[in-house]
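Here's the structure we're looking at; comments come further down.
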Amino acid sequence: MNVLVIGNGGREHAIAWKIKQSPLLSTLFCLPGNAGTDSIAINVPSIITSDSQAIIKFIQEEKIELVIIGPEQPLADGLADILISNNIKVFGPTAAAAKIESSKGFSKTFMKTSGIPTSDFEIFSEIDQALKFINNNSEHINEYVIKADGLAAGKGVILPNSYNEAVAALNKIMNDKVFGDSGNNVIIEKRITGKEVSAHAFSDGNHVIPMPFVCDHKPVFDGNKGPNTGGMGCYSPPQWLSEELQEIINEEISTKTIKALSTIDIDYAGVLYPGLMINDDSMNVLEYNCRFGDPETQILLSKLNSDLLEICVAAAEKKLHNLSIQWDQRPTVGVILASGGYPGKYETGQEITGLADVDADINIFFAGVKRENDKLLTAGGRVMAVVGSGNTLHEAREKTYKNVSKIKFDNMHYRTDIGLI
Ligand code: GLY
C-alpha cells in the first residue's frame with residue numbers, strides 16, 4: 001500500500017517512522033516532509049498543503065491508498081472532506097469534526113450541552129461586551145483565561161495577570177486581528193489549576209480505542225516557569241493518574257465525546273486528543289485537539305508495538321473494533337531540544353553535531369532541522385525530540401538525558417525536569 005503523510009513537524013516524522021515499519025507499506029510519501037522523513041520516505045516539497053487539487057493529482061499519479069493528515073490546519077480547512085469526496089481513504093477528521101479544535105466556542109458549547117466537564121465560559125463577538133466583562137471582573141482577572149476562538153498556532157490562549165494585560169489581549173485578538181479571523185470571537189473562561197494530562201484515542205466514529213496517557217510540559221523553563229511553548233517534552237505514563245481515573249476519562253470524556261458528536265451527525269474518524277486538567281476532586285477538559293499532539297506523538301509512537309498503518313486503515317474503514325492495540329508498558333521520556341531564543345525570536349542555521357553517538361535504543365525525531373551540504377542545521381524553534389524508555393521512569397530519564405547531552409548546537413536549550421513534575 002502506498003501512503004502519504006501530510007505535515008512537516010516532529011509529529012509527522014514520528015508518524016512516518018512508525019508507518020515505515022509496517023509490512024503493509026509499499027511506498028511512503030511525506031508532503032512536504034522534513035529532514036527526518038527524507039531518509040525514510042519520498043518528500044514532496046513542491047506541493048503546498050492548502051493546494052488540495054495538486055494533492056489529489058499527486059495521489060492519483062502515485063496510486064496512494066491512504067492519506068494521514070498530521071496538523072490541525074489542513075483538517076480545519078477540509079482536506080479530509082475533499083479527499084473523501086474523491087474516494088481517497090483518509091486518517092483524520094472532516095472539517096465539521098475538526099471544529100472541536102478549530103472553534104473553541106463550538107467546543108465549549110458542545111461540552112456544555114453534552115455533559116462533558118469543562119470550566120464556565122462566555123463567548124463574545126463584540127469587543128465592547130468582552131471589555132465590559134473584564135471591567136466587571138477587574139478585581140480578580142487572574143481567575144480567567146482569554147482565548148481566541150479559532151486556530152492560532154498554540155498562541156491564542158492568554159492568562160492575564162492584570163486588568164491591563166486582559167485589555168491588551170482583547171485588543172490584540174479582536175481589534176489588531178493578530179490571529180486573523182480566528183479572533184472574530186473570544187472565549188473568556190474560568191481558569192482552572194491542577195495537573196495537565198493529554199488523553200489520546202483512536203476513533204472510527206463508532207469505536208474508540210484509548211492510547212496511554214501522556215504529560216506534556218508547555219512552559220519553556222524548568223519548574224513550569226516562563227512563557228508557553230508548543231511543548232518542551234513529555235513522559236508517559238503519568239504514575240500519579242490512578243487506573244480508576246484513567247478509565248473514567250476514557251469512558252466519560254473520549255468515548256462520550258465521540259458518541260455525542262454522532263448525535264449531531266458528526267462522524268469522527270482519526271485521533272481525538274482532549275487536554276485535561278486534573279484536581280483531587282475534579283477533572284475538566286481544557287480543550288479538544290483533532291489530531292495527534294506534538295510532542296506527545298513522538299512518545300506515543302515510540303511506545304506503540306502494533307502496526308500504525310493497520311490502525312489507520314481500520315479507523316478509515318470503520319473497523320477499529322477488530323483490533324487489539326499493544327503498547328510498550330515501560331515508562332518513556334521525550335525531551336525537546338530548542339533553538340536559542342525560542343519561544344520568542346530564535347536563531348537558526350546552527351550546525352547540529354553528536355547524533356552519530358546516540359544509543360541505538362533512543363529515538364530522534366526532527367522538527368526544525370534542515371540538511372545543507374551534508375550538514376544538519378537548525379531551522380526552527382523546536383529542533384528535535386530525543387525519546388527513551390526504561391524499566392522505571394528514573395531509568396527512562398537517565399537514558400534520555402544521557403543522550404541529550406551528546407547532541408550539540410550553539411545556544412541549544414531544553415528542560416531538565418521532564419518526568420519529574
Ligand atoms: N502538545 C500540545 C499540542 O500538540 O497541542
Side-chain angles (χ1 to χ4, degrees), residues 5-15 34 68-76 92-93 98-104 107 118 145 147-159 179 182 195-202 211-221 224 226-238 253-254 257 270-278 284-303 332-338 342-343 365-368 380-387 414-415 417-419 421:
V5 175
I6 304 273
N8 67 350
R11 165 182 50 212
E12 286 76 27
H13 184 189
I15 292 171
N34 68 21
I68 301 172
I69 304 174
E72 61 276 20
Q73 191 66 59
L75 292 166
K99 223 170 156 195
I100 56 164
E101 176 167 1
S102 66
S103 169
K104 293 192 166 53
S107 76
T118 193
V145 183
K147 295 181 172 177
D149 179 56
L151 296 179
K155 298 189 177 80
V157 176
I158 293 144
L159 285 75
F179 307 122
S182 289
K195 287 187 116 160
E196 259 189 80
V197 71
S198 305
H200 289 68
F202 293 109
M211 301 183 217
F213 288 84
V214 186
C215 286
D216 186 16
H217 296 65
K218 291 196 180 76
V220 65
F221 300 128
N224 283 335
N228 267 355
T229 67
M232 290 297 286
C234 293
Y235 68 98
S236 175
I253 308 286
S254 302
T257 296
V271 171
L272 178 73
Y273 151 26
L276 293 130
M277 189 67 90
I278 310 291
N284 280 287
V285 176
L286 292 173
E287 62 184 12
Y288 285 115
N289 300 288
C290 62
R291 34 94 198 164
F292 271 119
D294 189 342
E296 286 93 334
T297 309
Q298 293 85 314
I299 283 77
L300 282 169
L301 297 186
S302 294
K303 299 178 79 63
T332 304
V333 170
V335 177
I336 293 290
L337 310 186
Y342 177 79
F365 298 111
F366 286 175
R382 290 192 294 175
V383 174
M384 69 181 78
V386 181
V387 184
Y414 58 87
R415 280 185 60 160
D417 61 351
I418 306 299
I421 60 174

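When reading the values below, keep in mind they use all heavy atoms of this one structure, side chains included, and skip hydrogens, waters and symmetry mates. Both counts, for ligands and for their atoms, begin at 1 and track the order of listing.
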Task: Sub-3.5 Å N/O-N/O distance, Glu287 and ligand 1 - done: no
Open item on the list: Using a 4.0 Å cutoff against the non-hydrogen atoms of Asp216, which atoms of ligand 1 qualify?
Closed with: 1 (N), 2 (C)
Task: Gly293 neighbourhood, listing ligand 1 atoms whose heavy-atom distance to it stays under 4.0 Å - done: 4 (O)
Open item on the list: Under a 4.0 angstrom heavy-atom cut-off, which atoms of ligand 1 come close to Lys218?
Closed with: 2 (C)
Task: Close side-chain approach of Met211 and Glu296, heavy atoms under 4.5 Å - done: no
Open item on the list: Just to check, does Tyr273 reach to within less than 4.0 Å of ligand 1 when the distance is taken from its heavy atoms?
Closed with: yes
Task: Heavy-atom side-chain proximity of Thr332 to Tyr235 below 4.5 angstrom - done: no
TODO: Mind listing the closest non-hydrogen atom pair of Leu151 and Ser182 along with its distance?
DONE: O-OG, 2.6 Å
- [ ] List the atom of Ile336, the atom of Gly231, and the distance in Å for their closest heavy-atom pair.
- [x] CG1-O, 3.5 Å
Task: Within 6.0 angstrom of Lys218 NZ, more than 12 heavy atoms from elsewhere - done: yes
Task: Contacting atoms of ligand 1, where contact means under 4.0 angstrom from a heavy atom of Gly230 - done: 1 (N), 2 (C)
TODO: Could you check which of Glu72, Met232, Arg291 puts a non-hydrogen atom nearest to atom 5 (O) of ligand 1?
DONE: Arg291
- [ ] Answer whether the closest heavy-atom distance between the side chains of Ile69 and Arg291 falls below 4.5 Å.
- [x] no
